[in-house]
Structure formats: C-alpha cells, structure tokens
Amino acid sequence: MAVSRVRFASDVDLEGHPVHAENHETSAVLTPTSDYHINLGLLSFRHIYEACFDVDHHLGGRLDLTQVIPSIYMTVLDATPITSGHSVCIRVKASRDGPFKQYFILRSSDDSRKMLKVMVTAKILGKHKGTPLLKTGIRCIGVEPDDEDSATDWQGFDEQ
C-alpha cells in the first residue's frame, strides 16, 4: 500500500493557519470576526465527550456563560480563570452522524457589552466508520446505548 504525504516548500509560511494536524491539540483559533473557533476533530457516533481548552480574551475574571441555542448535544460545564483568559470545559453528545456545529457566548459579568462568541465544530463518524484518534484535551466519558439492540420487546424462547 502506497502512503501519500503532503509536503510544503521550506519558504511557505503556515503560521496562523487554522489546521493543526501535527500536534493533535485542541486549540482555540481567533477568527477575523473576533470570535473563537474550536475544532474538536473526529468523534465517534453515540459517544459522549468532555473537552477542555483555553480561550484567551480580555473580558475580565468573572464570566456569564450563555448557550446561543440551548442544546441537548452540547453543555458548557465550567470556565476557570487563567492568566490570559479562561479554561473552558464542555460536554458533547455525538448523537448524529456528520458535521457538528454549536455556539456559546462568554460574556463579562462586569460589562454585558463585552462578549465573545465561541463556535465548536467536529466531524462525527457514523457507526462502523472507524475509531478516531482524540485530540489532546478531549476524552470519552461514556457511550449511549444502541437503539438497534433495544428495539424489540421479544424475551426469547420459553424454556419448558
């Protein structure tokens, strides 16, 4: 089997490019609209994940966490202050196959006009499509039961 690789010339500047395939770290990328984009990478269908990442900002030490649209697929668990911003932990339920995109807002408790929109994206692999290598800061915390296994009420044959 032939292995293909992408190689860049040494004079190509990749600094600031949002693709982070080499180090497999979950990182917050500041977009041109002053919002953050968090790419969780590949996740498995019907798995529950916890992801923690740092978001650099100047909103202050106390924050109000608001999900733009309340969702069963993502929950913001915690935002702990660090030197340059906050370390944020979220829970993600990969309950549907395909692209995943959810938003939440970090809003300053002191000045409600200061806020930062954070977009979380991922690609959810369907059943039997492989096992993804999780990025640093993401861990699987559970697996949802498969509907196909519990779709019947049949108890089996009666023993006589």
Side-chain angles (χ1 to χ4, degrees), residues 1-9 12-57 63-80 82 84-107 115-156:
M1 174 184 239
V3 177
S4 299
R5 299 185 192 270
V6 177
R7 298 182 192 270
F8 295 98
V12 175
D13 182 23
L14 295 177
E15 189 66 34
H17 196 275
V19 178
H20 302 285
E22 294 168 358
N23 58 13
H24 252 44
E25 289 185 13
T26 306
S27 59
V29 178
L30 186 61
T31 63
T33 59
S34 295
D35 296 336
Y36 270 94
H37 175 216
I38 309 297
N39 184 357
L40 302 179
L42 298 173
L43 304 177
S44 288
F45 181 61
R46 294 204 178 278
H47 285 64
I48 302 168
Y49 296 94
E50 185 175 279
C52 296
F53 47 87
D54 295 339
V55 177
D56 298 336
H57 62 77
L63 295 178
D64 292 328
L65 300 170
T66 308
Q67 285 191 237
V68 176
I69 299 172
S71 171
I72 61 170
Y73 302 114
M74 184 181 78
T75 306
V76 180
L77 301 174
D78 188 32
T80 306
I82 58 175
S84 59
H86 278 75
S87 179
V88 179
C89 289
I90 61 172
R91 178 170 294 142
V92 173
K93 287 186 179 181
S95 299
R96 52 193 163 104
D97 186 8
F100 175 88
K101 183 190 264 187
Q102 295 286 315
Y103 298 92
F104 66 91
I105 294 175
L106 298 174
R107 186 183 313 268
M115 66 178 162
L116 188 66
K117 185 176 178 183
V118 180
M119 175 177 61
V120 178
T121 61
K123 168 74 170 118
I124 299 173
L125 297 177
K127 190 173 181 181
H128 306 298
K129 291 188 179 177
T131 304
L133 176 64
L134 298 179
K135 292 181 173 186
T136 304
I138 302 174
R139 64 186 183 108
C140 181
I141 58 172
V143 179
E144 294 178 335
D146 193 358
D147 290 338
E148 293 176 6
D149 294 340
S150 61
T152 183
D153 292 333
W154 186 58
Q155 300 297 315

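Basis for what follows: all heavy atoms, side chains included, without hydrogens, waters or symmetry-related copies.
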Q: Answer whether the closest heavy-atom distance between the side chains of K93 and Y49 falls below 4.5 Å.
A: no

Q: Distance from D54 atom CG to T80 atom OG1, nearest 0.5 Å?
A: 9.5 Å

Q: List in chain and number order the residues that pass ring-ring contact (aromatic ring centres under 6.0 Å, His included) with H86, two or more places apart in sequence or in another chain; answer none if no residue qualifies.
A: H57

Q: What distance separates R91 CZ from D78 CG, expressed to the nearest 0.5 Å?
A: 11.5 Å

Q: Does a side-chain heavy-atom distance below 4.5 Å link I38 with V118?
A: yes

Q: How long is the straight-line distance from OG of S87 back to CZ of F53, given to the nearest 0.5 Å?
A: 8.5 Å

Q: Does the distance from a Lys or Arg side-chain N to an Asp or Glu carboxylate O, for D97 and K129, drop under 4.0 Å?
A: yes

Q: Consider side chain to side chain contact (heavy atoms under 4.5 Å, CB included). Of T75, I141, I138, I90, which one does E50 pass it with?
A: I141

Q: Compare all side-chain heavy atoms of L125 with those of F45 and state whether any distance is below 4.5 angstrom.
A: no

Q: To the nearest 0.5 Å, what is the distance between CG (L77) and SG (C52)?
A: 7.5 Å

Q: Mind running side chain to side chain contact (heavy atoms under 4.5 Å, CB included) on M119 and Y36 for me, showing each step along the way?
A: CA-CA 6 Å; M119 175 177 61; Y36 270 94; over 6 Å; no

Q: Could you check whether K117 makes a cation-pi contact with F104, meaning its NZ or CZ is under 6.0 Å from the centre of the six-membered ring and within 45° of the ring axis?
A: no

Q: Do you know which two heavy atoms are closest between L134 and C140, and how far apart they sit?
A: CD1-N, 4.0 Å

Q: What pair of heavy atoms forms the shortest contact from S44 to G130, and how long is it?
A: OG-O, 4.1 Å

Q: Rounded to the nearest 0.5 Å, what's the gap from CD1 on I105 to CG on L63? Could you check?
A: 12.0 Å

Q: So which atom in D56 and which in S84 form the shortest heavy-atom distance, rounded to 0.1 Å?
A: OD1-OG, 2.7 Å

Q: Would you say L106 and V55 make side-chain contact, with heavy atoms under 4.5 Å?
A: yes

Q: What closest approach, in Å, do A122 and N39 show between heavy atoms, and which atom pair accounts for it?
A: CA-OD1, 4.3 Å

Q: With side chains defined as the heavy atoms from C-beta onward, is the minimum distance between E144 and S95 less than 4.5 Å?
A: yes

Q: Rounded to the nearest 0.5 Å, what separates atom CE in M115 from atom CZ in R107?
A: 5.0 Å

Q: Please examine the side chains of L40 and T121, heavy atoms only from C-beta on, and report whether any two atoms are closer than 4.5 Å.
A: no

